[in-house]
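What follows is a short report on a single structure.
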Amino acid sequence: METPGLGAGPVGGAFWLFIAAVVVGGMWYASREKQMKQETLRQIVRSGRDIDQETIDPILSDGEAFVAVTGVAALVLCIALGLLAAARYVGRRKQLDVI
């Protein structure tokens with residue numbers, strides 16, 4: 001006889017809520033970081049200092065990091081979808097075996 005547990009629904013929901021929180025948190029952090037860089041550049045312009053390309057490049061360069069993070073996020077998403085499909089397949093197979 002099987003013991004009752006939480007079931008797949010609440011546990012799966014909690015997992016996806018965690019994934020959503022991590023994704024939204026990462027997006028918020030990236031947005032905030034970009035705002036801070038723009039504010040830094042704005043303060044440099046307001047101060048009246050001479051701005052050359054060597055000053056601007058380190059402040060605004062984040063393209064490589066964004067591409068790397070996006071690639072990792074896409075990989076994690078693909079793995080998560082694969083695990084979801086596998087779990088559904090195993091669950092349906094288990095139901096068929098019981099019947």
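Computation of the quantities below employed the complete heavy-atom set of this structure, encompassing side-chain atoms and omitting hydrogens, waters and symmetry-equivalent molecules. Only a predicted model underlies this, so the values are computations on that prediction, with no experimental measurement involved.
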With rounding to the nearest 0.5 Å, note down the distance linking [atom1] in [X] to [atom2] in [Y].
X   : Y   : atom1 : atom2 : answer
R32 : Q35 : CZ    : CD    : 5.5 Å
I19 : L77 : CD1   : CG    : 9.5 Å
W28 : E33 : CH2   : CD    : 11.0 Å
R88 : L83 : CZ    : CG    : 13.0 Å

**Joint hydrophobic cluster, V22 plus V76, side-chain heavy atoms closer than 4.5 Å** =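 No, because V22 and V76 fall into different hydrophobic clusters, even though each may have its own neighbours under 4.5 Å.
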**Item:** Single-linkage hydrophobic cluster L84~L17, side-chain heavy atoms < 4.5 angstrom
**Value:**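 The answer is no; the residues belong to distinct hydrophobic clusters.
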**Request:** Quick one: list whatever passes side chain to side chain donor-acceptor pair (under 3.5 Å) with R42, sequence neighbours left out.
**Result:**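 Listed in chain order: E39.
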**Sidechain-backbone polar pair: S31 side chain, M27 backbone, donor-acceptor under 3.5 Å** =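 A pair under 3.5 Å: no.
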